[in-house]
Amino acid sequence: MRTILQGGTVVDRDGERVADVVVDGDTIVAVGADVAIEGARVIDCAGRFILPGFVDAHSHADGLLADDDVQRALLKQGVTSIIAGQDGVSFAPGDGAYGSEYFAAINGPHPSYAGGGVAEYLAGVDGASRLNAAYAIPGGTVRWEVCGRSTAPANHAERDAMAALVEQGMRDGAVGLSTGLDYVPGIFADAREIAALTAPVAKAGGVYISHMRGGYEANSSEGIDEIAAIAAATGARVHISHFHAEAHIVLAQLAALDDWGVDATFDAYPYTRGCTLLAMPLLPPELVAKPVDDVVRVIGDPVERARLRRDWFPEVDRKASLGPEWPSMITLAHVAAPEYAWAHGMTVEDAAAKAGLDAIDLALDVLTASRLQANAVMAVRYDRPVSELAQIFAHPAHMGGSDGIFVGAHPHPRARGTFARYLREYVRETRTWSWPDAASHLSAAPAERFSLGRRGRVEPGWVADLIVVDPETVSDTATYEHPLGEAVGIDDVLVAGVPVLRAGELQESLPGRGLRRSETQE
């Protein structure tokens with residue numbers, strides 16, 4: 001059946017125009033005025049804007065794409081495609097065991113993946129979701145498959161074996177390689193190892209995507225210098241994940257990459273707080289690399305806990321992104337242990353006071369009881385106003401990315417609010433972006449960067465991933481205090497020409513696809 005999106009204002013990176021959009025199958029076949037086709041399905045778009053579906057350049061919905069609530073949360077923001085496999089840890093390659101264990105509190109469980117690599121992961125998306133998903137090969141998972149729990153630099157044979165896994169993943173359709181260099185085991189990989197894994201990505205035309213080393217913020221130059229070295233060694237295009245720091249730091253580091261001739265883009269979300277595994281900032285990586293049973297035994301042992309208090313927690317106090325105020329800056333978002341359900345939404349400081357403990361004991365008790373399956377919202381030492389974030393988002397290399405984590409009773413609001421917040425704050429309220437700018441940052445630019453084929457424009461011959469936006473009412477409702485509120489103002493969404501959200505209600509069709517890397521656009 002043909003579909004006509006009628007009477008709306010078409011917006012893409014090239015501008016705005018009043019036009020009807022005709023869709024046949026999964027493709028836009030006409031954009032023009034006053035189109036009438038007998039028997040066509042008509043979606044009345046009067047007073048609304050028709051945009052290309054948004055691409056979430058950094059998502060953690062890897063294992064949750066079949067979940068109706070997760071799909072609804074994304075579609076209500078206008079997201080029709082995600083880039084999964086982020087931060088160096090996910091399910092493929094291998095049997096998915098490492099990603100399912102270490103990132104259980106980030107990516108969730110996968111309902112079907114049990115092996116088969118990138119090809120099988122992408123095949124598992126086909127017809128299983130209302131959304132599309134592309135995949136970045138997670139470098140930490142690759143390291144796990146070859147080096148196991150080793151904390152030593154990889155040797156020549158191990159680098160070759162890892163590079164072979166990456167090369168296969170690129171042949172299977174991955175868009176690039178991701179690293180998470182504050183996570184285990186990525187934190188143990190040196191630049192030479194990462195370059196060895198990035199070389200086949202560069203050869204295939206993919207992108208090196210990095211959660212940089214060093215915790216970002218005031219320490220961002222450490223990660224940027226390493227990215228520059230890897231790009232110089234391999235010729236790879238690069239993409240920086242969730243670049244959070246003060247605006248002057250972000251802009252200076254991007255300028256440095258440009259001066260060095262590095263082809264770099266980045267994503268950044270419209271919030272100042274982050275969200276990550278609770279264990280990541282609070283436990284030594286060499287400890288976290290051990291089996292969960294061993295970690296739980298150590299942090300539950302009074303002698304070992306005293307040693308951590310003496311030798312490790314002073315290091316936590318010195319972290320650039322937290323500092324000694326960390327108990328008041330970390331809010332418990334997800335704790336898998338039911339006995340700590342009362343602590344969701346509380347800071348470690350407040351939960352410790354309620355439990356009659358100090359912050360270190362409370363945090364270690366939570367990690368012990370949950371077997372490390374806990375995540376937390378992280379405040380930053382220096383909050384940033386909308387005007388400062390606007391300086392970052394105005395950069396032409398910026399792309400929309402939520403870093404959205406859907407696991408947790410009190411999650412970060414970015415999972416349900418990011419893209420609607422961009423439109424409310426940075427288009428309608430501050431006018432940082434025009435509407436065509438928004439279509440570029442949130443759709444066309446990531447679709448082009450990650451080789452997603454003919455997506456990101458509203459033109460004949462392009463894939464009909466389309467959203468209909470009320471420009472006056474589109475808004476986020478999720479907050480830090482009430483993070484489960486869904487976005488408003490986007491009630492009609494098509495994926496591959498199929499309505500998946502109509503008048504705000506999910507439809508039964510599952511047209512989502514695993515997006516294999518494709519260089520074809522024009």
Side-chain angles (χ1 to χ4, degrees), residues 12-14 23 25-28 51-62 65 71 74-75 77-86 90 92 118-119 121-138 169-178 201-202 204-209 236-239 241 263 265-267 397-402 404 419 438-467 493-498 500 511-522:
D12 62 15
R13 72 188 315 174
D14 296 327
V23 175
D26 64 358
T27 304
I28 299 167
L51 281 82
F54 297 151
V55 178
D56 190 340
H58 190 106
S59 174
H60 287 290
D62 299 36
L65 278 169
Q71 293 176 62
L74 289 166
L75 293 169
Q77 297 175 67
V79 174
T80 56
S81 301
I82 69 165
I83 311 295
Q86 300 288 350
S90 191
V118 173
Y121 177 85
L122 292 172
V125 179
D126 292 337
S129 178
R130 296 173 179 86
L131 291 100
N132 307 309
Y135 193 75
I137 304 160
M170 295 303 292
R171 285 198 298 268
D172 288 344
V175 297
L177 171 80
S178 81
V201 173
V207 183
Y208 170 51
I209 305 164
R237 298 178 297 146
V238 304
H239 181 83
S241 295
D263 182 351
T265 55
F266 71 102
D267 58 78
H398 170 268
M399 297 175 187
S402 70
F419 286 81
S440 180
H441 283 258
L442 307 183
S443 185
E448 181 177 346
R449 188 64 167 181
F450 298 110
S451 303
L452 304 185
R454 305 193 85 180
R455 289 178 170 81
R457 294 189 187 180
V458 187
E459 294 287 350
W462 288 65
V463 176
D465 291 349
L466 299 168
I467 63 174
V493 177
L494 279 68
V495 170
V498 177
V500 291
R513 302 170 184 174
L515 301 181
R516 287 77 172 171
R517 189 182 71 262
S518 170
E519 300 299 334
T520 302
Q521 279 206 322
E522 296 291 353

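Positions are given from 1, in the same order as the sequence printed here.
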(request) Determine yes or no for a side-chain-to-main-chain donor-acceptor pair under 3.5 angstrom, with Gln86 supplying the side chain and Asp62 the backbone. (result) no
(request) Kindly give the heavy-atom pair with the smallest separation between Ala444 and Gly456, and that separation in Å. (result) CB-O, 3.4 Å
(request) Among Val495, Asp26, Leu122, find the residue that satisfies the side chain to side chain contact (heavy atoms under 4.5 Å, CB included) test when tested with Arg513. (result) Asp26
(message) Tell me every residue that passes side chain to side chain contact (heavy atoms under 4.5 Å, CB included) with Val125, counting only those two or more places apart in sequence or in another chain.
(response) Leu65, Tyr121, Ala133
(request) Grab the two heavy atoms, one from Ser81 and one from Val79, that are nearest each other, plus how far apart they are. (result) O-CG1, 3.4 Å
(request) Could you tell me the separation between the CG atom of Leu177 and the CD1 atom of Ile209, rounded to the nearest 0.5 Å? (result) 8.0 Å
(request) State, to 0.1 Å, how close Leu75 and Val493 come at their nearest heavy-atom pair, and which atoms those are. (result) O-CG2, 3.6 Å
(message) Do Arg516 and Val118 have side chains that approach each other closer than 4.5 Å (heavy atoms only, starting at C-beta)?
(response) no
(request) Give the ring-plane orientation class for Phe54 versus Phe419, where under 30° counts as parallel, over 60° as perpendicular and anything between as tilted. (result) parallel
(message) Please confirm whether the ring centroid of Tyr208 lies under 6.0 Å from the ring centroid of His239.
(response) no
(request) Check whether any side-chain heavy atom of Phe450 lies under 4.5 Å from a side-chain heavy atom of Leu515, and answer yes or no. (result) no
(message) Within this structure, what is the CG-OG distance for the pair Leu74 and Ser129, rounded to the nearest 0.5 Å?
(response) 8.5 Å
(message) If I compare all heavy atoms of Pro52 with all of Arg457, which pair ends up nearest, and what's the gap?
(response) CB-N, 3.8 Å
(message) Nearest 0.5 Å, please: how far is CG in Asp267 from NE2 in His58?
(response) 6.5 Å
(request) For the pair Val207 and Thr265, evaluate side chain to side chain contact (heavy atoms under 4.5 Å, CB included) and give the outcome as yes or no after the intermediate values. (result) CA-CA 10 Å; Val207 183; Thr265 55; 5.5 Å; no
(request) Say whether, by atom type as modelled, one donor and one acceptor occur between the side chain of Arg517 and the main chain of Ala174 under 3.5 angstrom. (result) yes
(message) Can you list everything that forms a side-chain hydrogen bond (donor to acceptor under 3.5 Å, both in side chains) with Ser59? Sequence neighbours excluded, please.
(response) none
(message) For a 4.5 angstrom cut-off between non-hydrogen side-chain atoms, does His398 reach Phe266?
(response) yes
(request) For Thr80 and Leu494, work out which heavy atoms get closest and say how close. (result) CG2-O, 4.1 Å
(request) Please round to the nearest 0.5 Å and tell me the distance separating atom CD1 of Ile83 and atom CE of Met399. (result) 10.0 Å
(message) Any side-chain to backbone donor/acceptor pair from Asp465 onto Gly53? Under 3.5 Å, distance only.
(response) no
(request) Drop me the distance from Glu459's CD to Arg454's CZ, to the nearest 0.5 angstrom. (result) 9.5 Å
(request) Taking all non-hydrogen atoms of both residues into account, name the closest pair between Ser451 and Gly205 and its distance. (result) OG-O, 4.5 Å
(message) Just so I know, are the side chains of Leu452 and Asn132 near enough to count as touching, which here means a heavy-atom distance under 4.5 Å?
(response) no
